[in-house]
Structure formats: C-alpha cells, structure tokens
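Heads up, the thing below is written out as structure tokens.
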Protein chains: 2
Amino acid sequence: MNTAATTRDPELTRRQILAAALELFVDQGFADVSMRQIAEKSGVTKSLIHHHFGSKDALWEATKEAALSRYVADQMQELEQATTVDGSLLRDGVIKYFRFLQDNPQVVRLLAWTHMEGDATCGEMDAALARLGAERVRQAQQGGVFRSDVNPMHVVTMFVLVCTQWFQARSHHAQWPGMGSDEEFLSDFLAIYMDGLAPPPAD
Amino acid sequence: MNTAATTRDPELTRRQILAAALELFVDQGFADVSMRQIAEKSGVTKSLIHHHFGSKDALWEATKEAALSRYVADQMQELEQATTVDGSLLRDGVIKYFRFLQDNPQVVRLLAWTHMEGDATCGEMDAALARLGAERVRQAQQGGVFRSDVNPMHVVTMFVLVCTQWFQARSHHAQWPGMGSDEEFLSDFLAIYMDGLAPPPAD
DNA sequence: GCATGAACTGGCCGGCCGGTCAATTGCCGC
DNA sequence: GCGGCAATTGACCGGCCGGCCAGTTCATGC
C-alpha cells in the first residue's frame, strides 16, 4: 500500500514538530513551553527534535521564521498587486489587514511575543511592507487625495497599531461597557481615520 | 542612630520583594522569572517570599495589583477633575495618556503580559475608566463638538489602542523607514484623529 | 547484498525549579 | 523581664528542565 505513510519522512517530521511548536509557543510563550510538551504534541521523541533543530532556542527561531515569512509574503503580494492610488486603496488595505489578523490569531500572538522579547529580526521583515505602504500614501498625498501635512509612515503605522492591538488585547477591552463587535469597531475606526485624512477644503 | 535600618520591618520587606518582582516580571514575563532571582534581587530569602506571599502565582497577582491599581487611580483622578466638555478635553486626555505611558514603560509591559495571559481581572479595573471617558465623549457629541455617528467607546478605544501599541511594539516599528519621534507621531495622530472626529459641516 | 550515514529511540545527566519545614531571631504586649 | 508570635533563615524535597549519548533502524548508492 502506501509506503510513505509508514516509512521515514524527515520533512514531514520537521513540519509536524514546527506545527506543534507553533501552537504551544503561540499559546504559552517561549519560556512556558517545554521540549517534552512539544515532543508529546508532535508525536516524536524529544531527542529527535534536538536532532532536527539543535536546541529549544533554535526551534523557536525556526518556528517564528516559518510562520511570519508566510505572513509577510501574503501581505506583500496584496500590496504589490494594487495599481490605482486613491482613497479606496488605503481603505481596502486597512480592511484586508484587519481581516487577515481576524483570520490569523496565531500571527497576532506570535508577533506580540516577539515584541515582548524585543526581537528586532522580524521587525526588519515587514519594514519593506511598511515602506511600500507609506510610498502609496505619499503618492495619494501628492495626488491631492490625502492631506499632505502628516508623515505617510505615521498614516500607515496608525492603522497597523489599531488593528494589531484590537486583536491583541481583545480579552481586555471586550469587557469595556458599550464596546461593539469587530465590524462595528472597524467601521467607526475607518470613518474617523478616512475623514481625518481628507485634505483641508480648498479656500 | 537609625534603628529601623537594621531591625525587622515586614512592610519594608514586602515592598522590597514587590519592587524586585515587578522589575523582573516586567522584563522577562512570569514564566521566565524564578523565585531565586527575585530573592537575590530583593535581598531576602526565598522562604521569606513564600512566608509573605504564599506562592509564585500569588506574588505575581500581588505585583500586578500593586502596580496597576496605582495606575488606574492616577488616570481616574485625571479624568474626574476635568469639568469642561469640549474638543480640547479629549485632545488633552490623549496627550496625558501618551505621556503617562511614555513615563511608565513598566506599566506598558505589565499590561502587555497580562494581555498575553488573557487575564480578565485587570480589564475590569480600567473598565470604569473607559466608561467615564466614553461618557465625556458622548456629552461632547450631544454638544455638537464631535460627530455623532460613531460609538463613543470606540472613540476612546481608538486612542488607547494607538498609544498602547505605539510603546508596546516600539522596538519593532522603530526600524520602519521614515518613522518619526514620539512627538512627531503623537502630533500626526492627533491631527488625523481630531479632524476625523469633527462634526460634518452644517448643510 | 552490504556499507554508509541519516533518522530515530530510550535512558541518563547535572542543575534548577517551586515549595516545605524545623529551628532561630527579635519585637512587643503584659 | 519574659512569653508568645511573627519575621527570618538555610537545608532539604521530589520533580521537571534542556541537553547528551550510545545504540538501533532504515533508505539508498554502489
């Protein structure tokens, strides 16, 4: 029958280990996860993890790399395929980013853990992403679509901060009285954000 | 001379333990701090920490309580002493909150750790704060100072998310090209935020 | 068909973990 | 001044930690 199912498959093993490690690290953070937990969850021996990844620290780096490089690639593709530069591009970008975080809570938490570590490596990864976004905003400013008296990178950063923290601290703010749903918050944010970016009325 | 310096002082001991615990927990997170580290840093025995606080978990709760209750009290006082309800009240509130986080990086990180834990307890603590802020916004909306088509709690949440995440993920975004200083970002955020909140021009 | 090396296993290591406990020290009310 | 009790100490516990290593299994190239 299927030979590959019962035989050795180091690539599959690596993927199983990475998947188990991602889930546990995302839930509990690096320090609170033991190699024994990862071994049990992935169905392999603790020694085998060391064989493939070397150490707990190296596995953590590999886990972050695997999860976040895919995320950056996805986002970059979204941004590059956009051609027109107008107000709706930014609006759609915000919505896409919001939906992405909504659909990928693991990425949200993984990013949060790296922030707590002060890890600068993955900041570099999406710096290119941010630069590209800021460039689009700058073009829209020059085209008179947005006000020109604000730093384009700040415009990008502003919505990234809002979306990220909305999902990151969800358990916290969800208890605040009168807080609306994801959709309602996104809608109100966009209303204030987009109107705040409108150029001053011509005088 | 000073008798209190060499003699027993359980209150001082408690404060020393809490101070050391706060610093370590803020830096490394709960899971990565050992009772031995806290003992060494605070200059007391590990057993003594157990005597005063019972367990590592209880010390963690006491540490959060001690640090965050002061923070909430400070903020609440700020908000309550405000009397007039106009646009500059919100603007000043944002600035005060931004400055507070700027001056208290420990609070920023402590809040971040509790978010990662999914701790709901301290969310309750500042729910009253958020409710009061939202009420002020609602009053301003009724007074025609702000647009009325957005949820007041979302208005409050929006600036809290921006300020919090700005400092929380600083090491990350600081690498983005063209990013400005704290002051420049705050200024640009306020410009977009306050203009976005302006009521639609009367027709 | 067999040598080779990677994939994989189980057991073991020293060390640190949070927590306990019996014993000592010093303050304070009587 | 002394009895009692909280504050404080250091030694100790079982258990888990990350990592290592000697040995076994298996695919693959010759």
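Values below: all heavy atoms of this structure, side chains included; hydrogens, waters and symmetry mates excluded. By convention in this document, chain letters (A, B, ...) are assigned in the order of the sequence lines, proteins followed by strands, and residues within each chain are numbered from 1.
Aromatic ring centroids of A:Phe25 and A:Trp60 lie under 6.0 Å apart.
Considering only the side chain of B:Lys56, C:dG18 comes nearest among C:dC8, D:dC17, C:dG18. Of the candidate nucleotides D:dG19, D:dT8, C:dG19, C:dG19 has the atom lying nearest to any side-chain atom of B:Lys46. When the nucleotides C:dA7, C:dC17, D:dG19 are ranked by their closest atom to the side chain of A:Arg8, C:dA7 comes out on top. Looking at the side chain of B:Met35, the nearest of the listed nucleotides C:dG18, C:dC8, D:dC17 is C:dG18.
Distance NE2 (B:His51) to P (C:dA22): 16 Å, rounded to an integer number of Å. Straight-line distance from the CD1 atom of B:Ile49 to the P atom of C:dG19: 11 Å, rounded to whole Å. Between the CG atom of A:Asp32 and the P atom of C:dC16 there is a distance of 20 Å, rounded to whole Å. Protein atom CG of A:Leu48 is 14 Å distant from nucleotide atom C1' of D:dC26, rounded to whole Å. Between the NE2 atom of A:His52 and the P atom of D:dG19 there is a distance of 16 Å, rounded to whole Å. For B:His50 and C:dC21, the NE2 to C1' distance is 13 Å, given to the nearest whole Å. Remark: P of D:dA7 and CZ of B:Phe53 are 11 Å apart, rounded to the nearest angstrom. Protein atom CD of A:Gln16 is 13 Å distant from nucleotide atom C1' of C:dC8, rounded to whole Å.
For C:dC8, the OP1/OP2 oxygens have a side-chain nitrogen or oxygen of A:Thr13 closer than 4.0 Å. Contact annotation: B:Ser34 reaches the phosphate of C:dC17 (side-chain N/O to OP1 or OP2, under 4.0 Å).
No donor-acceptor pair closer than 3.5 Å links the side chain of A:Gln77 to the backbone N or O of A:Asp74. When atom types are taken as modelled, the side chain of B:Gln165 and the backbone of A:Gln165 share no donor-acceptor pair closer than 3.5 angstrom.
Geometric assessment of B:Arg91 against the ring of B:Phe159 yields a negative cation-pi assignment under the 6.0 Å and 45° thresholds.
Of the two residues contacting DNA chain C, namely A:Arg36 and A:Val44, the nearest-nucleotide position lying further toward the 5' end is that of A:Val44.
Ring pair B:Phe185/A:His154 is perpendicular by interplanar angle, where above 60° counts as perpendicular and below 30° as parallel.
Between the base of C:dG19 and the side chain of B:Ser47 there is no donor-acceptor pair shorter than 3.5 Å.
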